[in-house]
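Since the structure comes first, as structure tokens, the remarks are kept for the end.
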Amino acid sequence: QVQLVESGGGLVQAGGSLSLSCAASGRNFSSYAMGWFRQVPGKEREFVGCITRSGVRIYYADSVKGRFTISRDNAKMSVLLQMNSLKPDDTAVYYCAAGRGPSISTSDYDYWGQGTQVTVSS
């Protein structure tokens, strides 16, 4: 089992950058693929990107490809989401999640953080 806590959200102007961190505690962090999702009120949770257990393979949603970067440090039990060239459409609550394998589906993730709000002003 693993517990996840996101941090780093906030308010930023369009074109700016934010770095979100997901700190994990518990056991066997390196055995989990990690994903980032986001959600706005009234909409389903949306896939942002994910990284395999070793960090060798990383996948991104088309909407963030080229602007967002995911990395992980298994020794520090953490995952980072670097967000550049932010747009107002990126405004959402961002969640990190741990699961059995890299996936775009929320149902493939077993553990979730509480989320952190990102607001991008125009």
Side-chain angles (χ1 to χ4, degrees):
Q1 191 170 5
V2 64
Q3 294 79 41
L4 304 171
V5 178
E6 303 94 337
S7 61
L11 173 64
V12 64
Q13 287 189 329
S17 299
L18 274 178
S19 182
L20 303 185
S21 179
C22 176
S25 60
R27 298 173 63 87
N28 301 322
F29 172 75
S30 61
S31 68
Y32 294 99
M34 298 298 296
W36 284 96
F37 290 79
R38 63 188 183 187
Q39 189 170 23
V40 298
K43 293 190 176 182
E44 293 186 353
R45 199 162 291 188
E46 175 190 29
F47 171 76
V48 173
C50 62
I51 185 168
T52 56
R53 290 172 290 180
S54 65
V56 171
R57 288 178 291 157
I58 307 171
Y59 305 94
Y60 299 98
D62 288 343
S63 59
V64 307
K65 200 172 294 183
R67 300 187 298 121
F68 289 12
T69 302
I70 296 173
S71 61
R72 70 186 293 165
D73 186 331
N74 285 340
K76 295 182 179 179
M77 296 177 63
S78 64
V79 182
L80 294 180
L81 176 65
Q82 177 65 42
M83 305 185 294
N84 299 327
S85 302
L86 283 162
K87 306 174 182 179
D89 284 349
D90 295 319
T91 295
V93 176
Y94 283 71
Y95 299 89
C96 68
R100 291 148 283 174
S103 172
I104 66 171
S105 175
T106 57
S107 61
D108 288 330
Y109 292 86
D110 301 312
Y111 305 102
W112 293 83
Q114 83 290 347
T116 185
Q117 176 70 46
V118 171
T119 303
V120 184
S121 63
S122 57

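Residues meeting the side-chain contact (heavy atoms from CB on, under 4.5 Å) test with Q82, sequence neighbours left out: S17, S19, T69, N84. In terms of the disulfide bond (SG atoms under 2.5 Å apart) criterion, C50 has no residue partners (sequence neighbours excluded). For S30, the side-chain contact (heavy atoms from CB on, under 4.5 Å) partners two or more places apart in sequence, or in a different chain, are N74.
Side-chain N/O atoms of S103 and S105 include no donor and acceptor closer than 3.5 Å.
Residue pairs that meet the salt bridge (charged side-chain N to carboxylate O under 4.0 Å, His left out) test with at least one member in residues 67-82, sequence neighbours left out, are R67-D90. Listed by first then second residue, pairs satisfying salt bridge (charged side-chain N to carboxylate O under 4.0 Å, His left out) with a partner in residues 111-122 number zero, not counting sequence neighbours. Listed by first and then second residue, the salt bridge (charged side-chain N to carboxylate O under 4.0 Å, His left out) pairs that reach into residues 96-108 are R100-D110, sequence neighbours excluded.
Only one option out of Y59, Y95, Y94 pairs with V48 in a side-chain contact (heavy atoms from CB on, under 4.5 Å); it is Y94.
The ring of Y60 has its center no closer than 6.0 angstrom to the ring center of F47.
Note on L81: it does not cluster hydrophobically with W112, by side-chain heavy-atom contacts below 4.5 Å among ILVMFWY residues. Connection of F37 to V93 is established within a shared hydrophobic cluster, with ILVMFWY side chains joined at heavy-atom distances below 4.5 Å, either directly or through further cluster members.
Interatomic distance, CG of L20 versus CZ of F68, reported as 8.0 Å (0.5 Å rounding).
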